[in-house]
Amino acid sequence: MKRVMAMVAVFGLTALATAYVGMAPLASSVNSPAVRNVLVMLDRTAAGAIAIGGRGTAIIACLVLGIVLILLVALNIGEGKAERVAAKTPASVGGHDPGPVWRPEPMSQDDRIANLRRRAAGLPAEASHKKPAPRPVALIRKPRERDRDWFDDLSWLGGLPRLGTTAWPCDTSGTPLPFAAQIDLAELAAACPESPLPQTGSLAFFLGTGAVVAVPEGHSEFAEAPGNLPPAYDEGGHPFPAQPGRLSRHFFPFWPVQPVAIDLPETLRTPHGEPWQYEANEKMAEQIERHARPRDTLFTAHEDTGLWWHGVNHLADQLHAAFDASGRPVALKRDSVGHAQEALAAIENEGLEADPRLEEAKEDLARKQADLAAIEAQRNGLPDMLAAIEQFIAGRDPWEPLTSDECAIVDEFLTELHANYADVVRHNVPSSVTDLAALSLRTMVTDTTEAVAALPDDQLARINREFRMPTRHPHLMFGPGSSHNPAAHAGRGDILLLQLAYDDMIEWRWGEMGLFQFWISEDDAAAGRWDRARLSFDET
């Protein structure tokens, strides 16, 4: 009788546990504080069971456990259990101690939380044995040192690639792609041993339609830029394609980087979407700050920084570019006058007396004719300004500083240009001497040893201290990335090969301060199918 009562009790408890797992959580639906406290503990237990394999699996586990307990009660496994086991041992297993029994490792707390978050986001739970996602790796620009030739560094942004015998990639029309970065895979693996990428050679990244090129291990010279390589950016800060009439550059400034692994929790290493994205960004920023100061402003020169002849040479180049492009605004003004003349003629042909439109059309034509005359006068006068500045810079060393009197002349020259030649130079000519100084400082810190030698100590220290990080988001490999829309990659097992952020120090002025991101699937990365990498752009 006691055995039957015990079986009924076990069955009842099993049924209650199974039903609770099926309906949990229930604590929020109860008003009594005492009962709610008990239900909160039960809810947490049920959530832990559900997190391991899902609600259905947890229900089945409860039922199986109940059946096993009922069978044990039915077989009268109680006080005499130890004696019966001991009595059976010599006959069943030859009197030897039982061998080790394999049991699956329990899921860690991080894994359980990760599965709960994935299920809440509508994604499948990950198996407990899945290889952990790699830690994000921030690519932090190295400090510039006067006595070190950093052009031998292994990983860098901008400049030219080292491709060995590999061809420079082109788009489908045969146009070479702009080069962005090259990362040494051994250097990456040293920083992040769990890297899913090969541990020898390097990867070179190109923009445009996007390309990732695997470069075998071994030293090679910097590749020679193809003759038909289009401009990567122009001096007005516009990325490819360069704006018409702008002085353009065919590759970005060179700056070596140091890979630094970020100890982001496992639960935040893959794209999930909001709000996990913000949490991941905050935790990455906290750790990166230990290595380099973050910033949210663009680089500018102080008013007392001074000026170098490099900046005045740049101004002369920009004036040449403005003059070469000035035919277009003049042509547009001329077309506007033609349209106004046609509109006036049409009204006059109607022959209406006291037509109010007639006077308005005449005024419009006169205004546009005045605008045309003004811009033609500006274009005709620009060669004299060019001749004056060419004479001013003749024979000057680009990295020699100007005297205060010479700086005053440049300031007056800029004032004259913007006051009387604005229609033909406004998109090319910097607005102030400090803008020219900032350009020279950015160039000095990324250029040759001769250039960096001219960089004042205080400015070099300032740049190394405050401007080694991009403006808002980090340059990054692996992890969830910094995009505000990571849902496209969530649950797909994609690897963030490389994230390139807005970075004015190397003239990466992406539109809307956005991000370029190279993504690839785990299978394609493992097989080295780099041609399947995808390049996306996200406006942040």
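We use all heavy atoms of the structure for the numbers below, so side chains are in, but hydrogens, waters and symmetry mates are not.
Contact record, Leu315 with Phe413: CD2-CD2, 4.1 Å, taken as the closest heavy-atom pair. The two residues Leu160 and Ala225 make their nearest non-hydrogen contact at CD2-CB, 4.2 Å. When every heavy atom of Ser195 is checked against every heavy atom of Phe478, the shortest pair comes out as OG-CZ, 3.5 Å. Minimum heavy-atom separation, Pro178 to Ala232: CB-CB, 4.5 Å. Here the shortest heavy-atom pairing between Ser432 and Leu414 reads C-CD1, 3.5 Å. Between Ser440 and Trp399 the shortest heavy-atom distance is O-CZ3, 4.1 Å.
Within the 4.5 Å cutoff, no side-chain heavy atoms of Asp371 are placed close to those of Ser336. Between Leu535 and Gln517, the closest side-chain pair of non-hydrogen atoms is not below 4.5 Å. Counting heavy atoms from C-beta outward, Thr471 and Leu298 have side chains that approach closer than 4.5 Å. Residues Met385 and Glu416 have side chains in contact (heavy-atom distance under 4.5 Å, counting atoms from C-beta outward). At a threshold of 4.5 Å between non-hydrogen side-chain atoms, the residues Leu139 and Leu498 count as touching. Counting heavy atoms from C-beta outward, Trp308 and Pro398 have side chains that stay 4.5 Å or more apart. Residues Leu382 and Leu319 have side chains in contact (heavy-atom distance under 4.5 Å, counting atoms from C-beta outward). Considering only heavy atoms from C-beta on, Leu436 comes within 4.5 Å of Leu307 through its side chain.
How far CG of Leu500 is from CG of Leu157: 7.0 Å, rounded to the nearest 0.5 Å. Summarising the geometry, atom CD1 belonging to Ile409 is positioned 11.0 Å from atom CD1 belonging to Ile389; distances are rounded to the nearest 0.5 Å. The CD atom of Glu450 sits 10.0 Å away from atom CG of Asp397, with the distance rounded to the nearest 0.5 Å. Rounded to the nearest 0.5 angstrom, Gln318 CD and Leu439 CG are separated by 8.5 Å. A distance of 13.0 Å separates CE of Met505 from CE of Met469, quoted to the nearest 0.5 Å. For the atom pair CG of Asp524 and CZ of Arg529, the computed distance is 4.5 Å after rounding to the nearest 0.5 Å.
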**OP:** May I have the step-by-step check of side-chain contact (heavy atoms from CB on, under 4.5 Å) for Lys142 and Val257, ending in yes or no?
**Re:** CA-CA 5 Å; Lys142 293 183 177 181; Val257 291; 5.7 Å; no

Original post:
When you look at Leu188 and Met477, which way does the side-chain contact (heavy atoms from CB on, under 4.5 Å) test go after all the steps?
Top reply: CA-CA 9 Å; Leu188 176 65; Met477 300 185 76; 3.8 Å; yes

**OP:** Start with the C-alpha gap between Asp171 and Ser173, add the side-chain angles, then the distance that decides, and say whether side chain to side chain donor-acceptor pair (under 3.5 Å) holds.
**Re:** CA-CA 5 Å; Asp171 62 19; Ser173 66; 2.7 Å; yes

**OP:** Decide side-chain contact (heavy atoms from CB on, under 4.5 Å) for Val424 and Ile375; before the verdict, give the C-alpha distance in whole Å, the side-chain angles of both, and the deciding distance to 0.1 Å.
**Re:** CA-CA 7 Å; Val424 290; Ile375 198 170; 3.8 Å; yes

**OP:** Any chance you could lay out the side chain to side chain donor-acceptor pair (under 3.5 Å) test for Glu303 and Thr434, step after step, and finish with the verdict?
**Re:** CA-CA 6 Å; Glu303 291 187 2; Thr434 54; over 6 Å; no

**OP:** Go through the steps for Arg295 and Asp504 under the test salt bridge (Lys or Arg N to Asp or Glu O under 4.0 Å), then give the verdict.
**Re:** CA-CA 12 Å; Arg295 65 183 176 115; Asp504 59 313; 2.8 Å; yes

**OP:** Mind running side-chain contact (heavy atoms from CB on, under 4.5 Å) on Ser155 and Asp184 for me, showing each step along the way?
**Re:** CA-CA 5 Å; Ser155 300; Asp184 183 81; 3.5 Å; yes

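The ring of Trp510 has its center closer than 6.0 angstrom to the ring center of Phe516. Trp255 has its ring centre less than 6.0 Å from the ring centre of Trp150. Here the two rings, on Trp309 and His314, have centers that are 6.0 Å apart or farther.
Between Arg509 and Asp503 there is no salt bridge, since no side-chain N of the basic residue sits under 4.0 Å from a carboxylate O of the acidic one. Taking 4.0 Å as the cut-off between side-chain N and carboxylate O, Asp296 and Arg472 do not count as a salt-bridged pair. Using a cutoff of 4.0 Å between basic side-chain nitrogens and carboxylate oxygens, Lys333 and Glu376 are not scored as salt-bridged. Salt-bridge check for Asp447 with Arg442: failed, with every basic side-chain N at 4.0 Å or more from each acidic carboxylate O.
No donor-acceptor contact under 3.5 angstrom links the side chains of Asp405 and Thr403, judged on distance only.
Between the Glu194 side chain and the Arg135 main chain, a donor and an acceptor come within less than 3.5 Å of each other. The main-chain N or O of Val452 is found under 3.5 Å from a side-chain atom of Arg146 such that the two form a donor-acceptor pair.
Screening residues 379-391 for side chain to side chain donor-acceptor pair (under 3.5 Å) gives His320-Glu390, Ser326-Arg379 as the qualifying pairs, with residues at least two apart or on separate chains.
Within a 6.0 Å radius of CZ in Phe537, other residues, nucleotides and ligands contribute more than 12 heavy atoms. Residue-environment remark: CD (Glu224) stays at or below the threshold of 12 foreign heavy atoms within 6.0 Å.
Take Trp530 and apply the ring pair (Phe, Tyr, Trp, His ring centres under 6.0 Å) test, not counting sequence neighbours, and it matches no residue.
For the salt bridge (Lys or Arg N to Asp or Glu O under 4.0 Å) criterion with Asp153, the lone passing option out of Arg141, Arg148, Arg144 is Arg148. For the pairing with His475, the ring pair (Phe, Tyr, Trp, His ring centres under 6.0 Å) check across Tyr502, Phe518, Trp508 returns one residue only, Trp508.
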Below 3.5 Å, can you tabulate the donor-acceptor pairs from side chains in residues 198-213 to any protein atom, sequence neighbours excluded?
{"residue": "Ser202", "atom": "OG", "partner": "Gln182", "partner atom": "NE2", "Å": "3.0"}

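Ring geometry for Phe179 versus Trp156: interplanar angle of 30 to 60°, hence tilted.
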